[in-house]
Amino acid sequence: MGFAFNGAIEQGLLFAIMALGVYLTFRILNFPDMTVDGSFALGGALAAKLIIEGTNPLLATLLAMVAGAVAGIFTGVLSTKGKINGLLAGILTMIALYSINLRIMEQANLPLLREDTLYTMVKGWELPDLAIAGTTLLSGEALVFLLLVAVVIALVVWFLHTDFGLDLRATGDNPTMIRSFGANTDGTTIMGLAIANAMVAASGSLVAQYQGFADVGMGIGMIVIGLASVIVGEVLFGSSTILRAAIAVVLGSVVYRLVIMLALQAGLEASDMKLITAVIVIIALTLPNVLKGVWKKTTQTKGGGTHA
Amino acid sequence: MLKVSQVRKVFNEGTVNEKIALQRIDLHLAPGDFVTVIGSNGAGKSTLMNVISGGIIPDQGQITIDGKEVTKLGEHQRASLIGRVFQDPTAGTAPNMTIEENLAIALGRGAGRRFALGVNKQKRELFREQLRLLDQGLEDRLKTKVGFLSGGQRQALSLLMATFTKPKILLLDEHTAALDPKRAQLIVDLTEKVVEQNKLTTLMVTHNMEQALNMGNRLLMLHNGTIILDIPQEQKKQMSTQDLLRAFEQARGGEAFAEDRYILT
C-alpha cells in the first residue's frame, strides 16, 4: 500500500505539469486543445531519444519543451490563420505527431535502462523520506517533484497576472473586447498554445524518465486525464482565483492518480483505466449539477413553463 | 479628426443575398465633435461603426483618423486610436476577470505588451480615483469579478475603459439600449461628462430620437447606406422628435419613418 501510494503521489505531481497546460488552454484560453495527446508523447519520445544519444537529460527535457511549443504553435496557426475549427486543428496536429514520434523513436518503445536521467539524478541524491511515526508520507523524490511543481505554479500564476497574461485571459474570456483594446488575439492564442504544449511536453519527458521508457502510445487519452485533473481539482478545491485554481489542478492530478491506484488495488486491470478515467470525468462534470438540484429545476419547468 | 471618404461596403456581392450596407459615405468630424447617428434597421449604422473600428474592411474609399490612414488596418492595429462601447453590456468587459484587471487592460491599450505585473499599487490608486467618478461604489470592489456587476455598472465601467487612454475617436454603439430607463439616463449623463472632460471626438449611434437631439453638436440620419440628413447644432437645438420624423419623410420623398422602436421610445 505504502509503495503504491507513493507512486501515485509521484505520478500525480509529474502529470500535474501536463494538467496545468490543459488548464491553460481549456480554462484560460477557452480552447479545446487536442494537441496534448501528441505533444505529451512527443516530449517523452524526443527526450528519450536525446538521452540515449548522450544528451544531458536537462537539456533533453528543455529541447522536448521547445518541440512541444512548436506543436502548439502549429495547432494555433491552423486555427487562427488557417481558420480551422480549434478542436479539429488540435486533432490534426495530434495525429500528425503520432507519425513524427515514431520517426523520432524509430521504434515503438525506447527503454532508458542504465541511462542517466533526471530521475536517476534525483534518486542519486538519496534524499530522506518525509515520515511521521514511521509511516512514509512522501518519498524524497516526491518532495523534489513537489518543489518543481510549486515553481511551475508560481510561474504560471505570475505569468497570468502580467500585462501579457491579462491579454491571454481576456482572449479566452471576451475576444471582441480584448481586440478593441489592441491585443492581437491570433497572437495570444498561438502563444498560449505554445506555452501549454511546452508544459505538456515537459511533463511527457519527465514521465518517460521517471518510468524508464518512452512509448509511442504514452500520450493516448492524455487530454482526458488532463481534463479529469482540472475538473476534479476545481470541483473539490475551488477555482475562485488563478492561484487557487492552479493548486486545485495539481491536487486534482494527485487525486486522479490515487483513484486509479485504488481501482487497481480493487482488482481492475490496467487496461480498464481509460474506462475509469472517462467515468471519473463524467462524475466530476455531472455531480456539481446534480448537487445544485438539476432534478428539482426540471420538475419546475414541467409545471410552469414560464421561464422563457 | 475623423475622415471617411467615399466609403462603400457591399455584402455578398453578386449573389441573391447582395446587400449594399454603405453606398458612398463621406463624413468629416472636427476635433471635439460629438455626432449622434440615427437610422432604421439595416440603414448601415453598425457597418459604419465597424469600418471605422476595423471590424469590417470597406470595398472602396478611405478612412483617416487624426491624419493617419487606417482603411486597411486590423482592429487591434488601430485600437490605440479608438475607444468603443457596445450595446451589449457584457461585450466591453471580461466577466471572469476582476475590475482592476479589466482596467489594467484598458490602460495598456496601445502600449507595448510587457511581462510586468498588470496591476500594481500605483495603478490601483489611479483606478480607484477614476472609479470614484462613476459614482457606483466600484472603487471599493477592485477585486470583484466583473461578471458579478449589474448591466448598468458594467456599461459604466466599459465607458471608463473605452475613454481611459483618451482615444482620438470614441464610438458609442447604442450603448444605453440594453438598459432600463433609469440606468440609461445615468449612462447618458456619464457619457456627456466624460466626453466633455476629455474633449473626445465622438460618434454615437442611438435608437432614441430624444437622445439624438439632446446630446452632441450634430445629428446624422442614415438610410439605405447613405447619410440622408446632416443637422448642425443650431438647427438641432430647435427640433422636436416630430420635426425629425417630418424631416425624414421629406428627405425620402414621402416615405414614412417606419421603425416602431424609434417612435415608441
Side-chain angles (χ1 to χ4, degrees), chain A residues 23-31 69 76 80-81 83 153-192 194-195 198 230 234 238-246 248-249, chain B residues 49-50 52-55 73-86 88-98 100-120 123 143-148 154 157-158 161-162 164-165 167 170-171 173:
Chain A
Y23 167 73
L24 219 52
T25 48
F26 263 77
R27 281 291 187 258
I28 300 293
L29 265 184
N30 199 14
F31 188 109
T80 58
K81 308 293 180 197
K83 309 275 179 227
I153 290 179
L155 282 174
V156 167
V157 171
W158 168 79
F159 169 70
L160 289 176
H161 285 90
T162 61
D163 278 331
F164 190 83
L166 292 182
D167 285 358
L168 199 79
R169 285 162 61 196
T171 302
D173 209 11
N174 188 344
T176 318
M177 167 260 189
I178 190 64
R179 268 196 295 273
S180 80
F181 285 109
N184 178 351
T185 48
D186 287 0
T188 50
T189 303
I190 293 169
M191 181 71 117
I195 294 169
V230 171
E234 285 180 346
S239 58
S240 54
T241 64
I242 299 280
L243 174 64
R244 184 159 174 185
V249 168
Chain B
M49 292 299 236
N50 281 326
I52 296 171
S53 74
L73 292 186
E75 217 169 343
H76 63 90
Q77 288 165 305
R78 60 176 96 171
S80 59
L81 304 169
I82 298 167
R84 190 171 187 188
V85 184
F86 302 89
D88 179 358
T90 63
T93 46
N96 290 311
M97 298 173 70
T98 62
E100 62 179 18
E101 285 168 345
N102 271 277
L103 285 167
I105 288 173
L107 191 63
R109 182 221 302 274
R113 309 281 158 181
R114 294 168 307 120
F115 285 99
L117 277 186
V119 181
N120 56 32
K123 285 189 195 172
K143 293 201 188 292
T144 303
K145 286 188 182 169
V146 170
F148 291 118
R154 283 185 78 161
L157 184 62
S158 302
M161 287 169 61
F164 219 6
T165 48
L170 176 63
L171 299 177
D173 202 346

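Side-chain atoms are counted along with the backbone in the values below, which use heavy atoms only and exclude waters and symmetry mates. Proteins come first, then strands; the chains are lettered A, B, ... in the order of their sequence lines, and each starts at number 1.
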Quick check on [X] against chain A: is it the side chain, the backbone, both or neither that has a heavy atom closer than 4.5 Å?
X: B/Ala106; answer: both
X: B/Thr165; answer: neither
X: B/Ile82; answer: backbone
X: B/Lys145; answer: side chain
X: B/Ser158; answer: neither

Give a yes or no on whether the backbone of B/Ala91 and the side-chain of A/Asn174 come within a donor-acceptor separation of less than 3.5 Å.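 Yes: the side chain of A/Asn174 pairs with the backbone of B/Ala91.
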Inter-residue atom distance [X].[atom1] - [Y].[atom2], 0.5 Å rounding:
X: A/His161; Y: A/Leu243; atom1: NE2; atom2: CG; value: 8.5 Å
X: A/Ile178; Y: A/Thr171; atom1: CD1; atom2: OG1; value: 6.0 Å
X: B/Arg84; Y: B/Met49; atom1: CZ; atom2: CE; value: 6.0 Å

Less than 4.5 Å to any heavy atom of chain B: does that hold for the side chain of A/Ser239, its backbone, both, or neither?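 Just its backbone gets close to chain B.
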Side chain, backbone, both or neither: which part of A/Thr185 has a non-hydrogen atom closer than 4.5 Å to chain B?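 Contact with chain B: none, neither part.
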Take A/Arg169 and B/Asn96 through the side chain to side chain contact (heavy atoms under 4.5 Å, CB included) test and state the conclusion after the steps. CA-CA 9 Å; A/Arg169 285 162 61 196; B/Asn96 290 311; over 6 Å; no
For each of B/Glu75, B/Arg78, B/Lys143, B/Gln77, tally heavy-atom pairs with chain A at distances under 4.5 Å, and name the one with the top tally.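 Most heavy-atom pairs under 4.5 Å with chain A: B/Glu75.
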Select, from B/Thr90, B/Val119, B/Thr93, the one with the greatest count of heavy-atom pairs under 4.5 Å involving chain A. B/Thr93
Close side-chain approach of B/Met161 to B/Leu103, heavy-atom, < 4.5 Å: yes
Side-chain contact test, heavy atoms from C-beta onward, threshold under 4.5 Å: evaluate it for A/Leu29 versus A/Leu168 and give yes or no. yes
